[in-house]
Amino acid sequence: MDKDFLALLGEAGATGLAKGIFLVRKEERFRHTYKDELSHWRYFASRKRSWLELPVYYLLLVVGILTGMLGLGVTKRVVNYLERGAINFYVKNYPNEDIIKEIVEQEKRHFL
């Protein structure tokens with residue numbers, strides 16, 4: 001499957017999840033994470049577009065709200081698991097792109 005397509009949908013979902021968690025938790029770190037994920041989504045949207053972006057975003061927005069409501073322990077496990085997966089995906093599929101290295105550094109700051 002196309003790596004840009006997967007990255008696009010992944011960042012759309014990550015943006016939705018971050019926004020959902022921020023809507024519940026209202027902490028600055030979650031607002032900052034949402035802004036970062038939104039910028040990553042916009043970057044990959046400039047490379048590739050899909051009609052699946054918004055459905056994935058809204059689905060993960062609901063998941064983010066539910067995750068945030070389950071408490072910080074659950075939120076931490078979910079966020080850390082997904083961030084590890086995103087970092088591994090980027091390192092494996094975009095090893096020599098400077099903008100992706102910057103995205104990876106931002107993703108590392110999202111760990112809880």
Side-chain angles (χ1 to χ4, degrees):
M1 190 168 262
D2 182 14
K3 65 183 181 181
D4 287 338
F5 177 73
L6 290 175
L8 174 69
L9 294 184
E11 290 300 342
T15 303
L17 186 75
K19 174 86 178 211
I21 292 170
F22 174 65
L23 288 173
V24 173
R25 310 283 316 162
K26 300 288 188 201
E27 295 176 28
E28 182 64 23
R29 63 182 168 178
F30 295 119
R31 186 189 67 78
H32 182 71
T33 298
Y34 166 67
K35 297 287 185 184
D36 284 348
E37 297 297 354
L38 184 58
S39 72
H40 303 167
W41 183 12
R42 287 181 180 148
Y43 171 73
F44 284 106
S46 72
R47 294 173 69 139
K48 182 137 188 132
R49 298 299 305 199
S50 172
W51 63 271
L52 291 171
E53 291 173 67
L54 288 179
V56 168
Y57 169 80
Y58 287 114
L59 175 66
L60 272 289
L61 176 68
V62 171
V63 171
I65 290 169
L66 294 173
T67 300
M69 291 170 59
L70 291 174
L72 193 56
V74 171
T75 302
K76 180 178 178 178
R77 284 192 297 273
V78 169
V79 168
N80 290 347
Y81 176 79
L82 294 175
E83 291 297 350
R84 260 191 309 281
I87 290 168
N88 291 337
F89 175 81
Y90 290 135
V91 168
K92 178 182 174 189
N93 291 291
Y94 299 94
N96 298 320
E97 292 188 38
D98 289 335
I99 187 75
I100 301 300
K101 290 177 183 175
E102 187 177 314
I103 288 173
V104 167
E105 288 305 313
Q106 290 175 351
E107 297 286 5
K108 287 179 181 176
R109 291 193 298 263
H110 298 162
F111 281 99
L112 299 177

From [atom1] ([X]) to [atom2] ([Y]), nearest 0.5 Å:
X	Y	atom1	atom2	answer
Leu70	Ile65	CG	CD1	12.0 Å
Phe89	Lys3	CZ	NZ	8.0 Å
Asp36	Glu105	CG	CD	12.0 Å
Leu9	Asp4	CG	CG	11.0 Å
Leu6	Ser50	CG	OG	10.5 Å

- For Tyr34 and Leu23, indicate whether the former's side chain and the latter's backbone hold a donor-acceptor pair under 3.5 Å.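 Such a contact is absent between Tyr34 side chain and Leu23 backbone.
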Are [X] and [Y] close enough that some pair of their side-chain heavy atoms sits under 4.5 Å apart?
X	Y	value
Glu37	Thr33	yes
Ile100	Ile103	yes
Val24	Phe30	no

- Item | Candidate pair Tyr90 and Glu97, rule side-chain contact (heavy atoms from CB on, under 4.5 Å), full reasoning | CA-CA 10 Å; Tyr90 290 135; Glu97 292 188 38; over 6 Å; no
More than 12 heavy atoms of other groups within 6.0 Å of [X] [atom1]:
X	atom1	result
Lys76	NZ	no
Tyr58	OH	no
Lys35	NZ	no

Out of curiosity, does [Y] fall in the hydrophobic cluster containing [X] (side-chain heavy atoms, cut-off under 4.5 Å, transitive links)?
X	Y	value
Leu60	Val74	yes
Leu54	Leu61	yes
Leu59	Val62	no

Which heavy-atom pair separates [X] from [Y] by the least distance, and what is that distance?
X	Y	result
Pro95	Lys101	O-CE, 3.5 Å
Ile87	Glu107	CG1-CB, 3.8 Å
Tyr94	Ala7	OH-CB, 3.9 Å
Lys48	Leu8	O-CD2, 3.3 Å
Leu82	Leu17	CD1-CD2, 3.4 Å

- Message: Between Arg25 and Leu72, does the side-chain contact (heavy atoms from CB on, under 4.5 Å) criterion hold? Intermediate values first, please.
- Response: CA-CA 9 Å; Arg25 310 283 316 162; Leu72 193 56; 3.8 Å; yes
- Task: Dump the intermediate steps for side-chain contact (heavy atoms from CB on, under 4.5 Å) on Phe44 and Phe5, then the final yes or no.
- Result: CA-CA 8 Å; Phe44 284 106; Phe5 177 73; over 6 Å; no
- Ignoring hydrogens and angles, state whether a donor on the side chain of Tyr81 or Arg77 is under 3.5 Å from an acceptor on the partner side chain.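 No.
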- Is NZ or CZ of Lys26 both nearer than 6.0 Å to the six-membered ring centre of Phe22 and within 45° of the ring axis?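 Yes, Lys26 sits over the ring of Phe22.
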- Message: Parallel, tilted or perpendicular: which one describes the rings of His110 and His32, with boundaries at 30° and 60°?
- Response: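 Answer is perpendicular, since the angle exceeds 60°.
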